[in-house]
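Here the structure is laid out as structure tokens; the discussion comes afterwards.
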Amino acid sequence: MASRFQASVLVASPLYPNSIAWSDENLIAVACGRLVTILNPALPFGPRGLIKVPSTEPFPIGVIQKEELLSSCLLPTCLSRDRDPYVRSISWSPLGMAPNAGCLLAISTTEGRVKIYRAPFCDYSAEWIAVMDVSDLLHDYLANANYHVSEIPSAEFSDFVTEQRRANNPANSGHKMELKRKRLHSSGMMIPCSNKSSKTLREKSSCPTNSNDIELASDMNAEQEQGSPREQEFPLVSVNKDESYQKVSKSHGRSTRKKIESPTLPLIGADQYASRSAMLSSLVIAWSPLLQFPSASCSQVQNSATCFSLLAIGGKSGKISCWKVHAQECYSIEHGNVSPDATVVGIFQAHSSWVTAIGWALLTTDSSHPQVLLSTGSSNGSVKIWLAHSSELLKSSEVNSSPFILLKEIINPDSIPVSVLSLTTPVRSPHRQLLAVGKGSGSFEVWIHEQHNCNFERIGSYEAHDHAVTGLAWAFDGCCLYSCSEDNFVRSWMFDRNTLFEVPIPSAIPSQRGLIDVPNVFHSCFGVAVSPGNLVMAMVRSFDSYVLNPMYQARSQKAAVEFLWMVGQRSDISSTQKFNCEAFSGVSEEVLAWWKSNILWSLQQYECFVKPLVMWDIIAALLAINQSAPHFVDDLLIEWLSSSFMESRSKLSREKVLADFSQRLSKLTSRHLHLLNVICRRVILSDIKADLGTMCENQEEQVMFWMDLLSTSERELRERLVSINFACSSLISHNDANMSPSGYWYPSGLAQMEQWVGRDQVRDQLRLLVPQAHLYEKSRLDSCDRVKEENCPYCSASVPFESPEVAYCEGANSNGNVGQRHKLVRCAVSMQICPTTPLWYCICCHRRASKLAPEPLFTMVEYPENFNSLAGSSLRVASKPLCPFCGILLQRHQPEFLLSTVPV
């Protein structure tokens, strides 16, 4: 295996497959025992986030007769009691779901509970905040529907009890089974405890791998095929977001529901209790990509509130509940007590046994008719593919309607449990989906779905590992697949011409080898994840406690997250492309060629404005390579500018790039300019000091070249931002601006922008927009947005406009003497003086903003000749917290001892 370039030690060991997940905002979550640890890959030894899974009370399902307490169907409920719940499954939401426009984290525990957490961006805490208990909402929904679903036969639970006993390992039991854990009330009936999984089950309790377990699973499947229906449909029930927040806000995730007295619970049979308990016992969760309502079916204004993501939850009953969670209407860094707006869109019988794996993929990117694929796997080895239209999701409020259609069912004749799934849609082939299915036997299969004819083809089955597959991850647009297993191996596969080949994991960058002092004595691997730019792979592995030092290592080091470079990954076995690469010490020309190819490919993926700018892996790779081969990095970036910006197939010189860049500036997209600014600041100019005299002539010339590019690019973006403000000012009145909904953008800081236009050299088209703004000023003489004189928030002294970045007040002048002059920061969007309240912060350019930029600034394909149409669309779109000069997600500036995201 290739050497890692960094690692981070964990205090607890993971227990289940897919124990690691990489978010779209560059955070890593690891499910390790009773904790979820959140890491920043840019600072593996820095601050961490933490989620402690609390114990919860059983659901008030009902009461049963005392004589039925020891029924076979209730044995899992009575005997599988554990003092502390463990984390079974984790999943990150897309960007924009959290109140600060970040990601939400959903976790599922061995108690069957599912909760959603957000980052403590305004709480000054390391522990993440629970914003929703989905299990409580599911219980309320089923209780209101009176559990009107087909009950699971009791014989099925008898087989499950036998399977659970054989899968358990008594030597690993940490607590005694509490057989007498029950409560007796006055009527003589007994309330059993809720169904909670024992920590001794771990992943093998739901994924049997030996022959006896396979026979039991096949027997259970046969009984269920006869006794349970294929699909159950439910009416839609909306959830009040205020009520759902109040249930968890006071206790950070602990349920505040009052225990219902037993006389109010219905008298039910043992089979009914077991069936209802299975419905509420969740096993696996997964978020879908961000979807958007069709404009024709939504009367609201098109903003972030029309976007939503689906949260799929699979349980022990074989059913899947799907929840529609809306994105925030507006974003804030001051108020975090906002619960997501969630609605259940359907509960259907997906499998006849436990649901063990779930995967999502976006079928089409058409915003008018988005479609998603849902893949589900079960403990009986079956895999099903479901199709959902967003239009059908809107209609799912009707009674007995289901938004999912079964496209394909893959039946495994050996009944080997499915442990993991990985589903992806390649950008180069948007009408094709790739599905990898990992099994408990150590093998995995690869399937291809052709959208035009709805054909599913199995590419092959691969005996990759000796133990259960615990992780699968596609990379490089479906060209590479990474697999890991309990056998402690991580393998790399290349997919080319509908064939899968095993290839070696690429070696580390020379300057990054052997820098981490972490023991290399691992026992099992429990998951693999790929960075947003696909240049780094992270895997979580547990240590072999018998090899570690029992005094200094075994107590505090249970597992580790390792990071491997994928920069040199060969993704096309038939590639004939050649790069002019000069080899340096320890690296061959072929490896350098793949370094250049993969970095250029990753940069090209971010040229689409839909993909969030999270370029940490690209920046880290360029900085690492730059230590050994600075000329290689410089040539690579010049080639990137020539091909992407100048549309030239041949590499241009620096002088030619700078000359053509100035001429083509207005024809470049805003995303191109943002990419250039990030590369200039974080790669080339990251270590440049103010004094350039210590550099040699060639280095100084190179630095001045990139500084000129950065200055020219930022000026172009500022002109576009100011032009949108002046163009929009003539389209709205003062009353319209005051009645603008919260989160919507409207022009501000026009007086400061006018002074900047008069001081600097700008294009004539922008100067012509200023007289139109004066007409707008006459209708808004009382508007604070046109006030030219500003006062210092500390001493109330006047503040003249000298620069769009910073300002200095004139100081107190009451006694005729000039007092202290305060240095003030101007908003990066409006150029106004920032207030003393918390501000949005850009971690790349270190600018601050009190206002948010209009969204059309980031989707602009060129400098438009007429801003009227663009200005109209700017007023109808909610603002997103993106830096106008870097394009990355803004955040609240955190102290050094707290976790924060580092997208670059």
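For clarity, every value in this text was computed on a predicted model and none was experimentally measured.
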Polar side chain donor-acceptor pair, Arg48 to Ser8, under 3.5 angstrom: yes
Under-4.0 Å salt bridge between Glu714 and Arg718: no
Ion pair check, Asp24 and Lys611, cut-off under 4.0 Å: no
Working for side chain to side chain donor-acceptor pair (under 3.5 Å), residues Gln832 and Ser748: CA-CA 8 Å; Gln832 295 175 324; Ser748 59; 4.7 Å; no
Glu855/Lys880 salt bridge by N-O under 4.0 Å criterion: yes
Side chain to side chain donor-acceptor pair (under 3.5 Å) assessment of Glu810 paired with Ser798: CA-CA 6 Å; Glu810 295 182 350; Ser798 61; 2.9 Å; yes
Parallel, tilted or perpendicular: rings of His674 and Phe858 (30°, 60°): tilted
Step-by-step side chain to side chain donor-acceptor pair (under 3.5 Å) determination, Asn791 to Ser796: CA-CA 5 Å; Asn791 296 325; Ser796 301; over 6 Å; no
Side-chain H-bond candidate by donor/acceptor type, Asn677 with Ser713, under 3.5 Å: yes
Leu291 side chain near Cys307 side chain, heavy-atom distance below 4.5 Å: no
Check: Thr837/Glu334 side-chain N/O donor and acceptor closer than 3.5 Å: no
Trace of the side chain to side chain donor-acceptor pair (under 3.5 Å) decision for Tyr794 with Thr836: CA-CA 9 Å; Tyr794 302 104; Thr836 56; over 6 Å; no
Among Arg826, Arg847, Lys823, the one residue meeting salt bridge (Lys or Arg N to Asp or Glu O under 4.0 Å) with Glu805: Arg847
